[in-house]
Amino acid sequence: MARLAGKLAFVTGAASGLGAAIARAYAAEGAQVVVADIDEPAGTALATELGNAQFVRLDVTSEQSWAEAVAPFARIDVLVNNAGITTLGSIEECTVAQFRHELDIDVIGVFIGIQAALPKMKQHGGSIINMSSLAGVSASANLVVYNAAKAAVTLMTKSCALHFAQSGYPIRCNSIHPGAIHTPIIDKVLAQSDDPDALYASFVATHPIGRLGKPEEIAAIAVYLASDESAFATGAEFRIDGGASI
């Protein structure tokens with residue numbers, strides 16, 4: 001089944017990790033995929049691999065970069081705001097510079113992205129999918145910056161969903177809340193720790209299912225939210241977290 005045939009899907013942070021898994025799943029379901037990332041070599045390679053895809057360089061923190069990235073497309077059917085980083089540390093350990101850097105990418109990048117894509121979606125409709133996290137609804141002492149950023153994405157998603165519905169725009173906006181997924185971003189978080197093995201074990205321990213998630217398991221819900229099957233879903237939190245939020 002080509003569940004996304006005829007749709008153009010714009011995926012940020014698509015050169016690796018969850019973004020790459022989502023891009024692959026979308027292409028497999030018939031979508032034309034825009035692989036948007038700051039990593040040009042990896043993004044170009046993925047677009048070539050997929051075939052029905054193209055790479056655009058995108059710095060999600062820049063309004064100009066967003067304007068240039070979406071300009072070639074007459075319409076965008078699906079926007080996945082996936083680009084993000086994770087900063088490890090408590091309120092006593094993190095710096096203001098780290099906080100601002102995380103917000104620039106994880107929050108302001110989503111804000112600018114929605115604004116940039118909206119004119120491409122208002123007339124015909126579409127689906128906006130914001131990648132939040134379990135950390136956007138459940139706090140951890142050593143993720144103060146990430147908690148703040150992903151909580152902001154969670155409520156921004158709901159605000160946008162209400163605005164679109166009340167304005168009569170046929171656009172849905174939902175958030176995905178993964179638990180710990182084994183991607184390169186997890187490796188970067190572990191590298192910030194003095195005891196990466198213990199930290200990894202703690203990630204596993206928070207999931208009753210007894211393991212970390214796989215990128216393909218998050219991509220599956222992203223396919224659903226991009227498809228017409230999810231036409232009645234908006235402003236919702238989709239928690240894919242191995243039972244961690246029970």
[X] with [Y]: basic N within carboxylate O range, under 4.0 Å:
{"X": "Arg24", "Y": "Glu49", "answer": "yes"}
{"X": "Glu237", "Y": "Lys150", "answer": "no"}
{"X": "Lys7", "Y": "Asp228", "answer": "yes"}
{"X": "Arg100", "Y": "Glu102", "answer": "no"}

Side chains of [X] and [Y]: closer than 4.5 Å at any heavy-atom pair?
{"X": "Asn130", "Y": "Ile114", "value": "yes"}
{"X": "Leu212", "Y": "Tyr200", "value": "yes"}
{"X": "Phe164", "Y": "Cys173", "value": "yes"}
{"X": "Leu88", "Y": "Leu199", "value": "yes"}
{"X": "Thr86", "Y": "Leu143", "value": "yes"}
{"X": "Val223", "Y": "Arg3", "value": "yes"}
{"X": "Ile181", "Y": "Lys214", "value": "no"}
{"X": "Arg172", "Y": "Phe232", "value": "no"}

From CA spacing to verdict: side-chain contact (heavy atoms from CB on, under 4.5 Å), Gln115, Leu118: CA-CA 5 Å; Gln115 286 193 333; Leu118 194 53; 5.9 Å; no

Could you give the distance from [atom1] ([X]) to [atom2] ([Y]), rounded to the nearest 0.5 Å?
{"X": "Leu4", "Y": "Glu229", "atom1": "CG", "atom2": "CD", "value": "8.5 Å"}
{"X": "Ile221", "Y": "Arg239", "atom1": "CD1", "atom2": "CZ", "value": "13.5 Å"}
{"X": "Lys122", "Y": "Ile76", "atom1": "NZ", "atom2": "CD1", "value": "14.0 Å"}
{"X": "Ser138", "Y": "Asn147", "atom1": "OG", "atom2": "CG", "value": "7.5 Å"}

Could you tell me whether the side chain of [X] and the main chain of [Y] form a donor-acceptor pair under 3.5 Å?
{"X": "Ser230", "Y": "Ala233", "result": "no"}
{"X": "Ser140", "Y": "Asn142", "result": "no"}
{"X": "Tyr26", "Y": "Ala222", "result": "yes"}
{"X": "Glu68", "Y": "Ser65", "result": "no"}
{"X": "His177", "Y": "Ser133", "result": "yes"}
{"X": "Asp39", "Y": "Gly43", "result": "no"}
{"X": "Ser159", "Y": "Leu155", "result": "no"}
{"X": "Thr12", "Y": "Ala83", "result": "yes"}
{"X": "His124", "Y": "Asp77", "result": "no"}
{"X": "Asn82", "Y": "Gly13", "result": "yes"}

Atom of [X], atom of [Y] and distance for their closest heavy-atom approach:
{"X": "Pro215", "Y": "Gly17", "result": "CB-O, 4.5 Å"}
{"X": "Met131", "Y": "Pro178", "result": "SD-CG, 3.7 Å"}
{"X": "Ala31", "Y": "Ala9", "result": "CB-CB, 4.5 Å"}
{"X": "Tyr224", "Y": "Ser227", "result": "O-OG, 2.8 Å"}
{"X": "Ala23", "Y": "Leu46", "result": "CB-CD2, 4.2 Å"}
{"X": "Val35", "Y": "Ala53", "result": "CG2-CB, 4.4 Å"}

Assess whether side-chain contact (heavy atoms from CB on, under 4.5 Å) is satisfied between Asp106 and Tyr146, documenting all intermediate values. CA-CA 9 Å; Asp106 287 10; Tyr146 191 61; 3.9 Å; yes

Are [X] and [Y] in one and the same hydrophobic cluster, where Ile, Leu, Val, Met, Phe, Trp and Tyr link if side-chain heavy atoms are under 4.5 Å apart?
{"X": "Leu58", "Y": "Val80", "value": "no"}
{"X": "Val70", "Y": "Val78", "value": "no"}
{"X": "Ile85", "Y": "Leu103", "value": "yes"}
{"X": "Met156", "Y": "Phe10", "value": "yes"}
{"X": "Val145", "Y": "Val60", "value": "yes"}

Among Val110, Asn174, Thr234, Ile171, whose side-chain contact (heavy atoms from CB on, under 4.5 Å) with Ile128 holds?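 Passing option: Ile171.
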
Is the distance from the ring center of Phe111 to that of Trp66 below 6.0 Å?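 That pair fails the under 6.0 Å test.
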
So, do Phe203 and His182 have ring centers that fall under 6.0 Å from each other?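 Not under 6.0 Å, so no.
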
Should the ring pair Tyr169 and His163 be called parallel, tilted or perpendicular, given that the plane angle runs from 0 to 90° and is split at 30 and 60? perpendicular

Before you tell me yes or no, could you show the steps for Arg57 and Ile38 under side-chain contact (heavy atoms from CB on, under 4.5 Å), namely the whole-Å CA-CA distance, both residues' side-chain angles and the distance that decides it to 0.1 Å? CA-CA 5 Å; Arg57 189 183 186 282; Ile38 201 167; 3.3 Å; yes

Side chains of Thr154 and Ser132: is there a donor and an acceptor less than 3.5 Å apart?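 Yes - a donor-acceptor pair under 3.5 Å links their side chains.
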
Between Thr61 and Asp59, a side-chain donor and acceptor under 3.5 Å: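 Judged by distance alone, the side chains do pair up.
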
With a sphere of 6.0 Å drawn around CG of Leu162, does it hold more than 12 non-hydrogen atoms of other residues, nucleotides or ligands? yes

Ile129 and Leu79: side-chain contact (heavy atoms from CB on, under 4.5 Å), yes or no, with the steps? CA-CA 6 Å; Ile129 303 164; Leu79 170 66; over 6 Å; no

